[in-house]
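Each remark here refers to the structure printed beneath this line.
Residue numbers count from 1 along this sequence.
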Amino acid sequence: MKKKVKQPTVKLTKQNPVDSAVPPAKERDSRLPAVGTVITKTYHGKILEVKVLESGFEYQGKVYKSISRVAMDIVKRPISGYEFFGLTK
């Protein structure tokens, strides 16, 4: 006499292919200027230019995830990028 092997139950759920392929969009901070804008600031006699990208910021050819990281790289200490670049409300 053979034993019956119970097959595992697989539950399928419908997913919208668009929803599963694209992660939800992160809301953009209202203090940031539009993508493509170049933020200019004079610091210690030097003119600094930071380009706003879709997913970060470009400064001297390097891409940063946050405006605060750019500011910290410039002043070599923790600082709010929004305050440093004058982007506060």
Side-chain angles (χ1 to χ4, degrees):
M1 189 166 170
K2 288 186 174 180
K3 282 187 175 181
K4 283 190 176 182
V5 178
K6 190 173 181 180
Q7 294 293 325
T9 305
V10 177
K11 199 174 200 177
L12 298 175
T13 57
K14 284 188 176 183
Q15 287 185 337
N16 184 341
V18 173
D19 291 342
S20 62
V22 179
K26 192 174 178 184
E27 231 179 88
R28 193 159 173 81
D29 193 305
S30 62
R31 296 174 287 182
L32 292 175
V35 172
T37 301
V38 176
I39 302 167
T40 306
K41 177 181 175 76
T42 303
Y43 179 73
H44 289 286
K46 293 181 183 177
I47 298 174
L48 310 174
E49 292 183 341
V50 178
K51 185 175 182 181
V52 180
L53 306 174
E54 183 68 38
S55 60
F57 303 87
E58 183 182 344
Y59 173 66
Q60 293 185 334
K62 185 175 175 186
V63 177
Y64 296 81
K65 286 187 176 184
S66 75
I67 191 74
S68 292
R69 280 279 161 208
V70 177
M72 284 188 248
D73 196 31
I74 294 166
V75 300
K76 307 295 186 217
R77 65 177 176 85
I79 188 168
S80 166
Y82 294 100
E83 288 186 28
F84 181 75
F85 287 103
L87 300 174
T88 56
K89 287 183 180 180

Gap separating the CG atom of Leu48 from the OG1 atom of Thr42, nearest 0.5 angstrom: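 The OG1 atom of Thr42 is 7.5 Å from CG of Leu48, to the nearest 0.5 Å.
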CD-CD distance between Gln60 and Glu49, expressed to the nearest 0.5 angstrom: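 Rounded to the nearest 0.5 Å, the CD-CD separation comes out at 10.5 Å.
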What are the two closest heavy atoms between Arg77 and Met72, and how far apart are they?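 It is O-CG, 3.3 Å.
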For a quick test of reading the model, state the closest non-hydrogen atom pair linking Ala71 to Gly81 and the distance between them.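 Heavy atoms only, the tightest pair is CB-CA, 3.8 Å.
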Residues, nucleotides or ligands: over 12 heavy atoms within 6.0 Å of Lys62 NZ: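 Count not over threshold, so no.
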With hydrophobic residues grouped by side-chain heavy-atom distances under 4.5 Å, do [X] and [Y] end up in a single group?
X	Y	value
Leu53	Val70	no
Val75	Val50	yes
Phe85	Ile79	yes

Would you please classify the geometry between the Tyr43 ring and the Phe84 ring as parallel, tilted or perpendicular, with 30° and 60° separating the classes?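 If you compare the ring of Phe84 with that of Tyr43, the planes turn out perpendicular.
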Looking just at side-chain N and O atoms, do Asp73 and Tyr59 make a donor-acceptor pair shorter than 3.5 Å?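 Their side chains do not contain a donor-acceptor pair, so the 3.5 Å distance test is not met.
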Does the pair Ile39 and Ile67 meet the rule for a side-chain contact (heavy atoms from CB on, under 4.5 Å), with working shown? CA-CA 10 Å; Ile39 302 167; Ile67 191 74; 4.1 Å; yes
Does some side-chain heavy atom of Val52 sit less than 4.5 Å from a side-chain heavy atom of Arg28?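 The answer is yes; the side chains approach within 4.5 Å.
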Are Arg31 and Tyr82 in a cation-pi contact, defined as NZ or CZ under 6.0 Å from the six-membered ring centre and within 45° of the axis?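 Here Arg31 passes the 6.0 Å and 45° test against Tyr82.
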